[in-house]
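One structure below.
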Number of protein chains: 2
Amino acid sequence: MSMIETAAVEGGGSLHQRILSDISEKILSGAWAPGFRIPFEHELTAEYNCSRMTVNKALSQLAKAGLIERRRRSGSFVRQPQSQAAVLEIHDIRIEVEALGLAYRYERVARQKRRSSAEDRGLLELDAAGQVLALECRHFAGKRPFAHEQRLINLAAVAEAAEEEFLDIAPGPWLIGRVPWSEAEHRIRAVAADRHIAEALDIATGAPCLVVERRTWSAEYPVTQVRFTYAAESHTLVARFRPSQG
Amino acid sequence: MSMIETAAVEGGGSLHQRILSDISEKILSGAWAPGFRIPFEHELTAEYNCSRMTVNKALSQLAKAGLIERRRRSGSFVRQPQSQAAVLEIHDIRIEVEALGLAYRYERVARQKRRSSAEDRGLLELDAAGQVLALECRHFAGKRPFAHEQRLINLAAVAEAAEEEFLDIAPGPWLIGRVPWSEAEHRIRAVAADRHIAEALDIATGAPCLVVERRTWSAEYPVTQVRFTYAAESHTLVARFRPSQG
DNA sequence: CGTTTCAATATGTATATACATAATCGCCAT
DNA sequence: ATGGCGATTATGTATATACATATTGAAACG
């Protein structure tokens, strides 16, 4: 036990962590191809000279990560690579702008409290009518407009937003931290700038723009719907993915 | 123990699973706000009448999921909602087209085996020169072109690709299952169609297009780089995210 | 020959226990 | 006051054990 434990400490983490990374290394390098039956728990127990619980912890995590599939009585098998899923991080715009080394500025263009229209209800996926707050904002990177934001907030879910003017703080950061969100849906697509967007972003009408729409729920209640429009040159979404965590 | 265990079975999963979902429900509903100190392990142990290991398993998973932060001697705390990370699923194009209820057709436009140019090496992030396979393909939904694909395959990593004509099978599905991939990077942006793309997708020059670029590595070796271009009307990426699994 | 039954097996979950580790609190001496 | 020091506390990891559960393979039986 002592030697292996030492190796585990040298490796940086705990023993079950080391077992986990050893196995995912074998899978990701291709040494253990899809369909391959990885050693039984009791074999790994012998190999690492540890208890079954420790091996089990590692294998359970690998199964939850989708790298292996476990079958009772049969063993654990390397899974076929499945869907091309990527973890896409969508940051706060201020952070994004500042990461580019540019000065960030925020501007509220319009704010309207109103009874939800049919269109509003469609965007928020609301069943019944109610008060909503409609906002239009611009985010600047240096002197140039970087993104245009069009947002609806469901006042039934976030009553305190009715009192906020959003002159100095953007609705995104305001909402985060105030409203716990349980679910979000993103839609990403390319569109041609209409006249309104073209003016707001200081680009030509018809120029390609990247649109990111997000709907957010908190425990079944729709909270907000927002549509960010970026001028094509100004923005690229980057997503990195690893099948397992190291 | 018996009553709680029964409740757990009714809840669908195991006891640690039930503890996990109880707590994430509290967090996501906002009942336990960010910063709130959730009960100590020994308190939950008493509440659920189970061992500390069982509670620990649930809390460890919550910590790994990012919902709580654990501090020795202090306890476990509800975390501030952090990054807006979303699980973006990028499927095989055939699947996407068929999900729309349209007939899928694949066409190989061009194929060239060549020594990597400086541009190729930049796209693949290759250090040294070597053989690459350059492919150009089109994917159809019904009669209309749906996506244009431009791909480089690093033949040093996938030698067998040199023998494949890719007339009947698209390179994506061919590569998946053959090459285990350990890492991928996506870049998503909007562009205006140039003449070549406009012709390939049968749209107007300058029309907005969604571009998804993907680079794939297998155990440190660059495998392939691909650029999909979609006509704006034809495509929206959808990503759904929950901070925890239910 | 087919079907039922049963034992063997690998994983799934939970327990009680032990010791390690990090952080905090309060006491004490300076 | 204040700076160090040890006790306390909560989490982190690992062990040995136990029983549940699903599945397979083989033996027993009609």
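Lettering of chains follows the sequences in order, A, B, ..., and the numbering in each one begins at 1. The figures here come from the full heavy-atom set of this structure, side chains too, leaving out hydrogens, waters and symmetry mates.
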Nearest-Å distance, [atom1] ([X]) to [atom2] ([N])?
X: Leu20(A); N: dG12(D); atom1: CG; atom2: C1'; value: 16 Å
X: Phe40(B); N: dA23(C); atom1: CZ; atom2: C1'; value: 12 Å
X: Leu15(B); N: dC19(D); atom1: CG; atom2: P; value: 19 Å
X: Tyr48(B); N: dT13(C); atom1: OH; atom2: C1'; value: 17 Å
X: Gln61(B); N: dA14(C); atom1: CD; atom2: P; value: 11 Å
X: Arg73(A); N: dA26(D); atom1: CZ; atom2: C1'; value: 10 Å
X: His16(A); N: dG12(D); atom1: NE2; atom2: C1'; value: 9 Å
X: Ile19(B); N: dA14(C); atom1: CD1; atom2: C1'; value: 11 Å

Between [options], which nucleotide has the shortest distance from any of its atoms to the side chain of [X]?
X: Met53(B); options: dT11(C), dA10(D), dT15(C); result: dT15(C)
X: Glu41(A); options: dT15(D), dA14(D), dG12(C); result: dG12(C)
X: Asn56(B); options: dT11(C), dT13(D), dA22(C); result: dT13(D)

Exercise. Does a donor on one side chain and an acceptor on the other come within less than 3.5 Å for Ser51(A) and Thr54(A)?
Worked result: yes
Looking at [X], I'd like to know whether one of its side-chain N or O atoms comes within less than 4.0 Å of OP1 or OP2 on [N].
X: Arg70(B); N: dA10(D); result: no
X: Ser76(B); N: dT11(D); result: yes
X: Ser74(B); N: dT9(D); result: no
X: Ser51(B); N: dA14(C); result: no

For this session: Determine whether any donor atom in the side chain of Arg72(A) lies under 3.5 Å from an acceptor atom in the base of dT24(D), or the reverse, and answer yes or no.
Result: no
For this session: Classify the side chain of Arg52(A) and the base of dG12(C) as holding, or not holding, a donor-acceptor pair under 3.5 Å.
Result: yes
Exercise. Would you call the rings of Tyr106(A) and His139(A) parallel, tilted or perpendicular if under 30° counts as parallel and over 60° as perpendicular?
Worked result: tilted
For this session: Give the ring-plane orientation class for His235(A) versus Phe146(A), where under 30° counts as parallel, over 60° as perpendicular and anything between as tilted.
Result: perpendicular
Problem set entry | CG-CG distance between Leu88(A) and Leu237(B), expressed to the nearest 0.5 angstrom | 9.0 Å
For this session: Could you check Arg71(A) against Lys57(A) and say which one's nearest nucleotide on DNA chain D is further toward the 5' end?
Result: Lys57(A)
Exercise. Does a salt bridge link Arg79(A) with Glu69(A), judged by any charged N lying under 4.0 Å from a carboxylate O?
Worked result: no
